[in-house]
Amino acid sequence: MHSFSPLLVVAVALIDPDGRVLLQQRPPGKPMAGLWEFPGGKIEPGETPELALIRELEEELGIRTHASCLAPATFASEALGERHLLLLLYVCRKWEGIPEARHATALKWVRPAQMYALDMPPADLPLIGLLDALI
Ligand SMILES: Nc1nc2c([nH]c(=O)n2[C@@H]2O[C@H](COP(=O)(O)OP(=O)(O)OP(=O)(O)O)[C@@H](O)[C@H]2O)c(=O)[nH]1
């Protein structure tokens with residue numbers, strides 16, 4: 001039987017009071033360098049998705065949030081090389097601190113409609129319409 005071991009990734013649309021969403025640009029040297037993505041990363045063994053996201057937000061952006069501020073929004077299911085990516089997307093409107101690009105090349109706040117014009121990972125494209133409807 002074919003064994004299926006998905007790559008579990010958690011990501012978040014941080015939404016500011018103007019309805020803009022934070023994207024970060026993947027740095028050189030990483031797969032998909034230069035593409036604009038939602039902050040997040042792989043869920044480590046033993047972590048809940050929410051704790052993985054809280055950890056990634058601290059590491060990548062230097063901001064703090066709580067599980068109660070993370071609302072599950074949608075997910076993406078997409079082939080990724082030899083693996084299969086399951087990307088769990090949350091939305092969050094409340095955090096502490098000002099996001100800074102600790103890992104990314106750059107950050108930018110964009111409205112969902114503007115995302116269609118940006119280079120984003122293939123898994124992210126189906127998520128844009130949902131965010132557009134949600135915000
Ligand atoms: N964070 C994030 N990852 C995404 C998005 N879309 C997408 O396909 N991915 C993929 O999901 C995976 C996330 O892994 P990562 O490399 O960013 O996460 P990480 O920080 O745990 O990795 P590292 O510790 O190996 O550097 C990558 O293969 C990345 O290309 C997205 O919107 N946000």
Side-chain angles (χ1 to χ4, degrees):
M1 198 165 105
H2 184 68
S3 84
F4 175 67
S5 157
L7 178 65
L8 266 183
V9 171
V10 65
V12 66
L14 294 173
I15 304 172
D16 80 0
D18 291 335
R20 297 176 308 167
V21 173
L22 186 71
L23 293 181
Q24 63 180 18
Q25 191 171 32
R26 291 179 69 84
K30 274 202 163 193
M32 299 202 241
L35 299 197
W36 292 91
E37 67 174 13
F38 301 102
K42 300 181 194 87
I43 302 176
E44 303 294 344
E47 274 183 333
T48 63
E50 292 79 13
L51 285 181
L53 199 44
I54 289 167
R55 173 183 55 72
E56 292 282 358
L57 289 175
E58 173 78 48
E59 288 172 9
E60 294 183 345
L61 301 172
I63 63 171
R64 290 154 302 284
T65 189
H66 304 276
S68 60
C69 300
L70 297 171
T74 185
F75 71 96
S77 173
E78 185 84 20
L80 188 73
E82 300 284 288
R83 303 289 304 271
H84 190 91
L85 171 68
L86 286 182
L87 175 70
L88 310 179
L89 186 73
Y90 287 71
V91 294
C92 174
R93 295 177 188 267
K94 260 180 73 182
W95 60 88
E96 290 156 22
I98 296 170
E100 48 182 70
R102 295 189 172 173
H103 291 184
T105 305
L107 302 180
K108 75 167 139 196
W109 291 95
V110 297
R111 296 186 194 289
Q114 297 173 294
M115 293 182 189
Y116 294 108
L118 296 176
D119 275 336
M120 296 183 73
D124 294 27
L125 303 181
L127 307 176
I128 300 174
L130 184 277
L131 281 180
D132 205 7
L134 197 75
I135 295 176

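First listed ligand is number 1; within each ligand, the first listed atom is number 1. Below, each value reflects all heavy atoms present in this structure, side chains not excepted, and no hydrogens, waters or symmetry copies.
A single hydrophobic cluster is not seen to contain both Leu8 and Leu127; linkage of ILVMFWY side chains at heavy-atom distances under 4.5 Å, directly or through other members, places them apart.
Remark: the backbone N or O of Gly40 is paired with a side-chain donor or acceptor of Glu60 at under 3.5 angstrom. Checked by atom type and distance alone, the side chain of Gln25 pairs as donor or acceptor with a backbone atom of Gly34 at under 3.5 Å.
Applying the side-chain hydrogen bond (donor to acceptor under 3.5 Å, both in side chains) test to pairs two or more places apart or on separate chains, those with a residue in residues 101-127 are Glu100-Arg102. The list of salt bridge (charged side-chain N to carboxylate O under 4.0 Å, His left out) pairs with a residue in residues 6-19, not counting sequence neighbours, reads Asp16-Arg20.
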What are the atom names and distances for all N or O pairs under 3.5 Å between ligand 1 and the protein?
from	atom 1	to	atom 2	distance (Å)
ligand 1	1 (N)	Phe38	O	3.2
ligand 1	1 (N)	Gly40	O	3.3
ligand 1	3 (N)	Glu37	OE1	3.3
ligand 1	6 (N)	Asp124	OD1	2.7
ligand 1	16 (O)	Lys42	NZ	3.4
ligand 1	17 (O)	Arg26	NH1	3.1
ligand 1	21 (O)	Lys42	N	3.0
ligand 1	22 (O)	Lys42	NZ	3.0
ligand 1	25 (O)	Lys42	NZ	2.8
ligand 1	26 (O)	Lys30	NZ	3.0
ligand 1	32 (O)	Phe38	N	3.0
ligand 1	32 (O)	Asp124	OD1	3.4
ligand 1	32 (O)	Asp124	OD2	2.5
ligand 1	33 (N)	Phe38	O	2.7

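Listed by chain and residue number, Gln24, Arg26 satisfy the side chain to side chain donor-acceptor pair (under 3.5 Å) test with Glu37 (two or more places apart in sequence, or in another chain).
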